[in-house]
2 protein chains.
Amino acid sequence: MNIMYDIFLADDHTIIRHGLRRIIEENPGYRIVGETGDGLKVISKIRTLHPNMIILDLSMPDLNGIEVVNRIRKYNKKIKILILTMHRNNEYVYECLVSGAQGYILKEDADSELISAIKALKTGNIYISPSFSNEVIRNLIERRSNAERKRGSAIRRTLTPREREVLKLVAEGNSNKKVADKLGISVRTAEHHRLNIMKKLGVTNTAGLVRHALRTKVID
Amino acid sequence: MNIMYDIFLADDHTIIRHGLRRIIEENPGYRIVGETGDGLKVISKIRTLHPNMIILDLSMPDLNGIEVVNRIRKYNKKIKILILTMHRNNEYVYECLVSGAQGYILKEDADSELISAIKALKTGNIYISPSFSNEVIRNLIERRSNAERKRGSAIRRTLTPREREVLKLVAEGNSNKKVADKLGISVRTAEHHRLNIMKKLGVTNTAGLVRHALRTKVID
DNA sequence: AGGAAGCTGGGGCGTATGCCCCAGCTTCCT
DNA sequence: AGGAAGCTGGGGCATACGCCCCAGCTTCCT
């Protein structure tokens with residue numbers, strides 16, 4: 001009897017989950033051992049199923065996809081995580097990879113990309129959809145490793161209260177000088193906060209900060 | 001028989017409309033001649049009611065409030081337009097004023113503000129809620145008059161197709177140089193587009209551009 | 001035929017960003 | 001007592017941004 005590679009599916013669309021199951025199980029050696037449409041239930045389900053890999057949609061109700069990645073990583077360091085999503089967004093790729101995912105492909109990609117990704121992750125590689133510019137991703141990864149070199153290992157990604165204040169003011173259109181005035185600190189400190197925020201969020205300019213602030217409801 | 005000052009209400013919340021009617025009609029000389037909760041129906045309704053003033057909520061279904069202002073202005077130059085909204089946003093104030101509104105007050109303001117605004121507009125004045133920093137508004141108005149000095153009278157505010165392309169790229173985080181590369185134009189031209197967009201939108205930096213792009217669904 | 005609007009380029013200039021380096025202090029936790 | 005994390009400041013530097021100025025060309029409309 002062959003050793004099977006067990007995969008768990010997490011996606012809120014039932015039809016998509018079942019389509020994925022068929023695509024994957026056409027390939028010998030791979031088996032879907034379970035599935036869910038609820039991000040909150042991923043951990044409890046894999047606890048008994050102990051799959052080798054989780055294929056995860058980022059946009060599920062109740063729990064943010066990246067948060068699911070974090071929880072899986074906290075529970076088990078060995079399970080491979082493949083993100084399968086509709087979001088063609090460099091920052092999402094970055095966030096998922098630093099959170100502990102090994103792959104990121106798009107729902108608009110061909111079936112063959114899914115299989116390639118699964119095989120790549122199985123053998124220990126990282127796989128990112130060819131829809132993404134390698135240049136951009138490589139830049140982000142490089143920024144990450146620079147940041148990691150500075151401290152122990154995992155880059156700290158959650159913003160501090162002060163950083164959240166600065167992000168809010170920056171996203172509202174304040175310059176570093178105005179941020180400094182409003183918070184009663186020096187321009188240099190405001191600039192320092194802004195740079196730390198950018199490193200944590202994996203963006204390289206003001207536009208990225210504003211998008212993140214709006215996405216995470218820091219403003220508006 | 002006294003001459004009545006006729007007011008039309010446009011707000012998608014029925015209860016609010018009826019509350020406004022009571023507040024306004026407590027004041028002798030003022031009368032609500034009609035109302036609607038649908039931005040698309042404003043013009044057809046005022047065509048037969050010919051009110052002196054329209055009190056307008058910015059966030060109505062089917063039609064953007066600022067677009068309603070534009071349509072009213074196109075139909076009739078004399079009707080006073082008072083914006084009554086929940087949006088405490090300098091850029092909205094600016095956009096409404098250049099579109100042809102004479103007043104902007106907040107739903108969180110006191111009833112007395114509403115009456116003060118109505119009376120101010122009736123006598124030909126412009127009225128902006130005291131909740132706004134006079135300094136900021138004055139800056140915006142000044143930018144407007146600078147821009148108007150350059151050409152005949154009304155500043156052109158709708159973005160051209162090319163400008164929309166540039167806005168999208170800028171909001172996605174591209175520098176002027178990258179925008180230029182992607183569009184096959186010179187950096188100077190990209191910069192020129194960016195500045196024109198900022199003037200039209202009444203913002204002064206990248207953060208404002210990104211916020212506007214997200215608000216108007218140019219990206220995301 | 002004339003004017004208005006859009007797209008394209010450039011000169012110049014002051015300031016702000018983005019990104020590296022460095023450091024001291026407090027607070028919290030082990 | 002020691003370390004980690006957060007907030008605070010600064011030096012330096014290349015590049016980008018924000019804002020004026022100028023212009024030619026095409027397209028569209030009256």
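As the structure is a computational prediction, the values presented were derived from the model and not from experiment. Order of the sequence lines fixes the chain letters, A, B, ..., with proteins taken first and strands second; residue numbering starts at 1 for each chain.
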Q. Is any side-chain N or O of B:Ser175 closer than 4.0 Å to OP1 or OP2 of C:dG18?
A.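 Result: no.
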Q. Within the pair A:Asn176 and C:dT17, is there a side-chain N or O less than 4.0 Å away from OP1 or OP2?
A. yes
Nucleotide paired to [N] in any strand shown, Watson-Crick or G-U, under 3.5 Å:
N	result
C:dC20	D:dG11
C:dT26	D:dA5
C:dT15	D:dA16

Separation of [X] atom [atom1] from [N] atom [atom2], in whole Å?
X	N	atom1	atom2	value
A:Leu209	C:dG18	CG	P	7 Å
B:His193	D:dA16	NE2	P	19 Å
B:Asn205	D:dC19	CG	P	8 Å
A:Leu195	D:dT8	CG	P	15 Å
B:Asn196	C:dA4	CG	P	17 Å
A:Met198	C:dC19	CE	C1'	8 Å
A:Ile197	D:dG6	CD1	P	12 Å
A:Glu191	C:dC20	CD	C1'	11 Å

Q) Backbone N or O of B:Thr85 within a donor-acceptor pair of the B:Asp57 side chain at under 3.5 Å? A)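 No; judged by distance alone, with no hydrogens or angles, the pair does not exist.
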Q: Examine distances only and state if a side-chain atom of B:Asn205 and a backbone atom of A:Gly173 form a donor-acceptor pair shorter than 3.5 Å.
A: yes
**Q.** 5' priority, DNA chain D, between A:Val187 and B:His192 [closest heavy atom]
**A.**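 Result: A:Val187.
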Between the base of [N] and the side chain of [X], is there a donor-acceptor distance below 3.5 Å?
X	N	value
B:Arg188	C:dG12	yes
A:Glu165	D:dC7	no
B:Glu163	C:dC7	no

(Q) As a test of understanding, state which of B:Ile55, B:Thr36, B:Ile32 forms a side chain to side chain contact (heavy atoms under 4.5 Å, CB included) with B:Phe8. (A) B:Thr36
**Q.** B:Arg162 or A:Arg194, whichever maps to the more 5' nucleotide of DNA chain C
**A.**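 Checking each residue's closest nucleotide, the 5'-ward one belongs to B:Arg162.
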[X] side-chain proximity, nearest of [options]:
X	options	value
A:Ser186	D:dG9, C:dT8, D:dC19	D:dG9
B:Lys199	C:dT17, D:dC7, D:dC20	D:dC20
A:Ile185	D:dT8, C:dC20, C:dG12	D:dT8
B:Lys200	C:dG6, D:dG12, D:dC7	C:dG6

Q | B:Lys41 NZ: over 12 foreign heavy atoms closer than 6.0 Å | A |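 Counting neighbours around NZ of B:Lys41, 12 or fewer heavy atoms of other residues, nucleotides or ligands fall under 6.0 Å, so no.
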Q. Where do A:Ala190 and A:Asn176 come nearest, in terms of heavy atoms and distance?
A. CB-O, 3.7 Å
Q. Do A:Asn174 and A:Lys182 have a side chain donor and acceptor closer than 3.5 Å?
A. yes
(Q) Considering every strand and a 4.0 Å limit on heavy-atom distances, what is the contact class for A:Thr189: base, sugar-phosphate, or nothing? (A) base
